[in-house]
Amino acid sequence: MYCLQWLLPVLLIPKPLNPALWFNHSMFMGFYLLSFLLERKPCTICALVFLAALFLICYSCWGNCFLYHCHDSQLPDSAHDPSIVGT
């Protein structure tokens with residue numbers, strides 16, 4: 001279960017507020033996970049626990065899934081604030 005300490009914090013990284021950065025964020029997270037799985041080769045139990053947690057987060061559309069944006073969930077109000085998002 002040592003390998004879970006490197007996988008579970010990945011689920012806590014927030015998705016950027018700016019929709020233009022969602023693709024870059026999902027590519028970075030995907031490449032990080034792929035390189036981690038190839039380099040560290042976590043045990044089967046750790047990989048299954050992580051994939052189950054990722055599936056549950058993405059399936060429930062809590063808003064922190066980096067694979068895609070749920071169309072039913074709305075952006076937070078601060079996403080439309082130009083002082084936070086920038087130009």
Side-chain angles (χ1 to χ4, degrees):
M1 292 294 186
Y2 171 76
C3 46
L4 274 180
Q5 77 176 3
W6 295 102
L7 284 173
L8 289 181
V10 173
L11 299 176
L12 301 175
I13 297 174
K15 199 166 30 170
L17 291 176
N18 190 346
L21 297 176
W22 287 346
F23 178 75
N24 293 339
H25 177 72
S26 64
M27 292 300 293
F28 172 76
M29 297 298 287
F31 283 131
Y32 173 79
L33 288 173
L34 180 67
S35 66
F36 178 82
L37 293 174
L38 291 175
E39 180 183 347
R40 300 271 175 115
K41 294 179 178 65
C43 63
T44 306
I45 294 173
C46 293
L48 290 177
V49 167
F50 176 76
L51 291 176
L54 181 65
F55 173 75
L56 289 175
I57 287 175
C58 291
Y59 182 72
S60 65
C61 285
W62 281 340
N64 203 23
C65 180
F66 61 87
L67 298 175
Y68 59 90
H69 177 72
C70 296
H71 296 288
D72 295 339
S73 63
Q74 294 184 3
L75 290 173
D77 293 333
S78 58
H80 302 293
D81 187 6
S83 63
I84 295 176
V85 177
T87 57

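Quick note: numbers below take in every heavy atom, side chains included, and nothing from hydrogens, waters or symmetry partners.
The two residues A53 and L11 have their closest heavy-atom pair at CB-CD1, 3.7 Å. For the residue pair H25 and P16, the shortest heavy atom distance occurs at CG-CD, 3.6 Å.
Remark: L48 pairs with T44 by the side-chain contact (heavy atoms from CB on, under 4.5 Å) rule, at least two apart or across chains.
Note that the CG atom of L37 and the CG atom of L7 stand 6.5 Å from one another [nearest 0.5 Å]. Between the OH atom in Y32 and the CZ atom in F36 there is a gap of 6.0 Å [rounded to 0.5 Å].
Note: the hydrophobic cluster containing L21 does not contain M27 (ILVMFWY, side chain heavy atoms under 4.5 Å, direct or indirect links). Grouping the Ile, Leu, Val, Met, Phe, Trp and Tyr side chains by contacts below 4.5 angstrom, directly or via other members, places F31 with F23.
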L33 and F50: CA distance, side-chain angles, deciding distance, side-chain contact (heavy atoms from CB on, under 4.5 Å) verdict: CA-CA 11 Å; L33 288 173; F50 176 76; 3.6 Å; yes
